Amino acid sequence: MSEKSAPLNFTQLFNDSYERLMNAGQHDFFQTFYQHFVAASPEVAAAFANTNMEKQYDMLHLSLMQMMSFASDRRANSYLEKVATRHANLNIHSNLYDLWRESLLKTVRELDHQYDAQVELAWRITLAPGLEFMRAYGQLAS
Ligand code: HEM
C-alpha cells in the first residue's frame, strides 16, 4: 500500500520560514531586501535616493505583517489604505511590484537555510493578496 503525503500547508510553511528569518536577524533581512530591490532597477534606486533607510526597514516590517494579516482575512484597514494611497501618489507602476516581490524572494532564498520550492510558493501565495491590493487600490480610490 502506498502512503500518501499530507497536503501542503502553506500557512505553516510561510510562518516557519518567516520565524526562521526573523530569528536569524530582522535588520539583516530588511537591509538585504532593500539592497536587492534598489539594485534591481535605476527607477527604484532613484525613488529611494533621499530615504532614511533605517526607518524604511521598520516601516516595511510593519507593512509586511499587515500584508500577512490581509492574506488571511482579506480585510483592509486604514494603515494598508494609507500605504497603498501613498504609493499611488508616488506613481509606482504595476511592474515595480513584480520587482519588489522578486527582490523579497531573492532575500528569502539567500537567508532562509531551509528554503526550497515549497517555501517559495508559500511566500508567493501569502504575498499575493496584499500585492494585488497595493497595485489596484490607487485606481479604486481615485
Ligand atoms: C507590497 C509592496 C510594498 C510595500 C508593503 C511597501 C511599503 C512601504 C511603506 C510602509 C512605506 C512607508 C509609508 C509611509 O511613509 O508611511 C513605503 C514608502 C515608500 N515606498 Fe513602498 N512598499 C511596497 C512597494 C513599493 C514599490 C514597488 C516601490 C517602487 C519603487 C516602493 C517605493 C516606495 C517609496 C519611494 C516610498 C517613500 C520613501 C520615502 O519616504 O522616502 N514601494 N513603502
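Just so you know, these numbers use all the heavy atoms, side chains as well, and skip hydrogens, waters and symmetry mates. Both counts, for ligands and for their atoms, begin at 1 and track the order of listing. Here the structure is a predicted model, which means the values were calculated and not measured.
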Show which atoms of ligand 1 fall inside a sub-4.0 Å distance from at least one heavy-atom site of [X].
X: Lys82; answer: 16 (O)
X: Thr51; answer: 38 (C), 39 (C), 41 (O)
X: Gln56; answer: 11 (C), 17 (C), 18 (C), 19 (C), 38 (C), 43 (N)
X: Tyr79; answer: 10 (C)
X: Met67; answer: 1 (C), 5 (C)

Salt-bridged, Glu102 to Arg124, with N to O below 4.0 Å?
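The answer is yes: the pair qualifies as a salt bridge.
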Salt bridge between Asp98 and Arg101, side-chain N to carboxylate O under 4.0 Å?
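Yes.
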What donor-acceptor contacts under 3.5 angstrom involve side-chain atoms of residues 37-44, with partners at least two apart or in another chain?
from, atom 1, to, atom 2, distance (Å)
Ser41, OG, Glu43, N, 3.0
Ser41, OG, Val44, N, 3.2

Starting from [atom], locate the nearest protein heavy atom and write down its residue, its atom name and how far away it is, to 0.1 Å.
atom: atom 33 (C) of ligand 1; result: Phe48 CZ, 3.3 Å
atom: atom 27 (C) of ligand 1; result: Leu96 O, 3.4 Å
atom: atom 35 (C) of ligand 1; result: Ala47 O, 3.5 Å

Using only atom types and a distance under 3.5 Å, with no angle test, would you say the side chain of Thr107 pairs donor to acceptor with the backbone of Ser103?
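A pair under 3.5 Å: yes.
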Are Met53 and Leu96 grouped together when hydrophobic residues (ILVMFWY) are joined by side-chain heavy atoms under 4.5 angstrom apart?
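Linked within one cluster.
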Of the protein N/O/S atoms, how many lie under 2.8 Å from atom 21 (Fe) of ligand 1:
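Number of qualifying protein atoms: 1.
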Tell me the contacting part of Leu131 for ligand 1: side chain, backbone, both, or neither, using a 4.0 Å heavy-atom threshold, strictly below.
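It is the side chain that touches ligand 1; the backbone stays farther off.
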For ligand 1, does Phe133 get within less than 4.0 Å through its side chain, its backbone, both, or neither, judged by non-hydrogen atoms?
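Phe133 to ligand 1: no contact under 4.0 Å from either part.
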